[in-house]
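All remarks here apply to the structure that follows.
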Amino acid sequence: MSMSLADSWGSAPASPIGFEGYEKRLEITLSDAPVFVDPCGRGLRALSSEQIDSFLDLAKCTIVSHLSNKHFDSYVLSESSLFVYPHKVVLKTCGTTKLLLSIPRILELAAELSLPVLSVKYSHGMFIFPGAQPSPHRSFSEEVSVLNSFFGGLKSGGNAYVIGDAFKPKKKWHVYYATEEPEQPMVTLEMCMTGLDAKKAEVFFKDSTDGSCSSAKEMTMLSGISEIIPEMEICDFEFDPCGYSMNGIFGPAVSTIHVTPEEGFSYASYEAMNFNPSSLVYDDLIKKVLACFCPSDFSVAVTIFGGHGFAKSWAKGAEVDSYMCDDLVEQELPGGGVLMYQSFTAVTPGAVSPRSTLDGWNSDGAEMVAKSKEMSVCWEGEKAAKKKDADA
């Protein structure tokens with residue numbers, strides 16, 4: 001997804017250098033409505049297209065394609081994806097979108113349907129162009145402040161984590177989580193890749209003279225994306241002059257891919273959510289994704305609810321040939337959840353893969369605050385964090 005794409009949808013230019021591929025991801029889970037209010041159990045799927053547009057407009061993105069089954073509705077957006085289940089909404093947006101501004105409208109629509117909030121999870125990696133992000137995404141502390149204003153009152157309190165090696169500031173994972181009670185068992189994989197192989201990236205340029213693809217369907221087939229989870233029904237979309245998005249659905253499970261192929265800031269993401277963890281082998285899936293893009297660096301975050309036994313192979317770190325594991329962190333989440341985060345760098349065959357578990361600091365020096373007994377977080381903000389750096 002290029003700068004021309006961002007401009008064409010009315011967004012501010014992503015950056016004077018290039019397009020921001022890293023997505024912001026918001027997942028809001030809701031409890032059941034009273035039976036007399038929603039006898040068919042449609043929940044959020046009862047929302048009209050106009051109501052959905054009303055919160056997408058606030059985030060500065062629009063729907064470009066749509067696919068549904070009996071479990072949920074899937075939307076490819078001008079900037080990433082939206083998934084609407086009866087009791088869950090997942091919104092991913094890239095570029096300079098203002099994702100958090102959609103929250104008040106989403107909560108308003110949920111309240112109209114008598115769907116109380118059960119939990120919220122917000123996550124993103126390190127932006128390639130952090131200075132181009134608008135308010136309220138100028139820093140993680142700013143994002144946490146906004147999230148706490150809506151969800152800090154949940155039983156767990158608001159919990160914010162900056163995960164990653166303090167000496168590798170470009171490899172950080174930011175997570176906010178709050179919940180009323182333990183969630184239903186589920187595994188979610190979020191994967192971010194940078195420095196895509198030039199030949200692999202060429203596939204995602206439209207109508208170029210070097211034999212690249214002219215349609216999303218061709219991109220899906222030639223890249224190998226269609227073979228990652230062959231059972232998935234795929235809704236794909238190509239952007240002009242380059243870029244690609246895909247949502248795949250199979251039963252309640254979803255996968256999604258977004259590609260920014262331009263040299264110098266190339267990026268691809270992969271997500272799989274709500275699948276049966278016994279049906280997919282963690283390492284095998286990672287290797288299939290990597291084969292489509294051959295990135296120079298990638299990170300993977302696996303969020304598990306339901307325990308290590310439920311998660312099977314997903315509850316351990318991945319081992320990937322030709323890549324060195326820079327970092328391995330296991331972070332507990334409220335309500336029995338756990339987050340496994342790893343970052344990798346391409347190396348020559350045979351290199352040793354060191355492993356570490358670090359409680360780190362973000363690139364601004366903002367401390368990752370330990371959870372209190374009540375699982376609440378005290379976020380001091382950048383000013384206090386910078387003072388700590390100065391005193392060190």
Keeping the roles fixed (side chain from Asn69, backbone from Gly251), state whether a donor-acceptor pair exists under 3.5 Å.
yes
Can you tell me if Asp327 uses its side chain to pair, donor with acceptor, with the backbone of Cys325 under 3.5 Å?
no
What do you reckon, is CZ of Phe250 surrounded by more than 12 foreign heavy atoms closer than 6.0 Å?
no
Indicate the atoms forming the closest heavy-atom contact of Ala46 with Gln51, along with that distance.
O-OE1, 4.3 Å
Does a side-chain N-to-carboxylate-O contact under 4.0 Å join Glu271 and Lys92?
yes
Quick check: Phe72 with Tyr85 (ring centres under 6.0 Å apart)?
yes
Is any side-chain heavy atom of Met186 closer than 4.5 Å to a side-chain heavy atom of Lys88?
yes
Let me confirm one number: the OG-CG distance from Ser343 to Asp297, rounded to the nearest 0.5 Å.
8.5 Å
Test item: Phe140 and Val162 side chains (from C-beta on) under 4.5 Å apart, heavy atoms:
yes
Using a cut-off of 6.0 Å, state whether more than 12 heavy atoms not belonging to Glu112 lie near its atom CD.
yes
Please round to the nearest 0.5 Å and tell me the distance separating atom CG of Leu56 and atom SG of Cys61.
4.5 Å
Would you confirm whether Thr220, through its side chain, and Ala216, through its main-chain N or O, come within 3.5 Å as a donor-acceptor pair?
yes
CD (Glu231) with more than 12 external heavy atoms under 6.0 Å
yes
Check the orientation of His66 and Tyr75. Use parallel for under 30°, tilted for 30 to 60°, and perpendicular for over 60°.
parallel
Is the shortest side-chain N to carboxylate O distance from Glu27 to Arg25 below 4.0 Å?
yes
Taking C-beta and beyond as the side chain, do Trp173 and Ser123 meet within less than 4.5 Å on heavy atoms?
yes
Linked, directly or transitively: Val117 and Phe150 (ILVMFWY side chains, under 4.5 Å)
yes
Main-chain N/O of Phe237 paired to Ser245 side chain as donor or acceptor, under 3.5 Å:
no
Assess, by modelled atom type and distance only, whether the side chains of Glu23 and Tyr267 contain a donor and an acceptor separated by less than 3.5 Å.
yes
Honestly curious: do Ile229 and Val289 fall in one hydrophobic cluster under the side-chain, below-4.5 Å linking rule?
yes
Ring center gap for Tyr176 and Phe151 short of 6.0 angstrom
no
May I have the step-by-step check of ring-ring contact (aromatic ring centres under 6.0 Å, His included) for Tyr177 and Tyr161, ending in yes or no?
CA-CA 9 Å; Tyr177 183 71; Tyr161 313 92; 8.5 Å; no
With no hydrogens and no angle check, do the side chains of Gln331 and Tyr341 hold a donor and an acceptor under 3.5 Å apart?
no
Using the rule that two of Ile, Leu, Val, Met, Phe, Trp, Tyr join whenever any of their side-chain heavy atoms come within less than 4.5 Å, decide whether Val175 and Val90 are in one cluster.
no
Please lay out, stage by stage, how Ser269 and Glu190 fare under the test side chain to side chain donor-acceptor pair (under 3.5 Å).
CA-CA 8 Å; Ser269 66; Glu190 298 171 74; over 6 Å; no
Is it possible for you to say whether Met221 and Tyr244 belong to one hydrophobic cluster, with membership spreading through side-chain heavy-atom contacts below 4.5 Å?
no
Check the hydrophobic clustering (I, L, V, M, F, W, Y; side-chain heavy atoms under 4.5 Å; chains of links allowed) and say if Met273 and Leu118 are grouped together.
no
Considering only heavy atoms from C-beta outward, does the side chain of Val302 approach that of Val338 to under 4.5 Å?
no
For the residue pair Leu30 and Ala110, what are the closest heavy atoms and their distance?
CD1-CB, 3.9 Å
Main-chain N/O of Gly125 paired to Lys24 side chain as donor or acceptor, under 3.5 Å
no
Can His258 and Thr260 be counted as having a side-chain donor-acceptor contact under 3.5 angstrom?
no
For the atom pair OH (Tyr122) and CG (Leu26), what is the distance rounded to the nearest 0.5 Å?
8.0 Å
Enter the distance from Phe293:CZ to Phe204:CZ here, rounded to the nearest 0.5 Å.
4.5 Å
Classify the side-chain pair Glu79/Thr93 by whether it contains a donor and acceptor separated by less than 3.5 Å.
no
Could you tell me whether Tyr282 and Phe275 have their ring centroids closer than 6.0 angstrom?
no
Thr97 and Lys60: side chain donor to acceptor below 3.5 Å
no
Run the salt-bridge test on Asp73 and Arg45 with the 4.0 Å N-O cut-off and return the result as yes or no.
yes
Would you tell me whether Glu143 and His137 have side-chain atoms, one donor and one acceptor, within less than 3.5 Å of each other?
yes
In Å, rounded to the nearest 0.5 Å, how long is the span from CD1 of Ile228 to CG of Leu290?
9.5 Å
Rounded to the nearest 0.5 Å, how far does CG of Asp326 lie from OG1 of Thr345?
3.5 Å
Taking the side chain from Glu330 and the backbone from Met340, do they hold a donor-acceptor pair closer than 3.5 Å?
no
Ignoring hydrogens, what is the shortest heavy-atom contact between His308 and Ala315? Give both atom names and the distance.
CD2-CB, 3.3 Å
Do Thr179 and Leu154 make a side-chain contact, defined as non-hydrogen atoms from C-beta onward lying under 4.5 Å apart?
no
Is the closest side-chain heavy-atom distance between Asn247 and Ile234 below 4.5 Å?
no
Is any side-chain heavy atom of Ile225 closer than 4.5 Å to one of Met219?
no
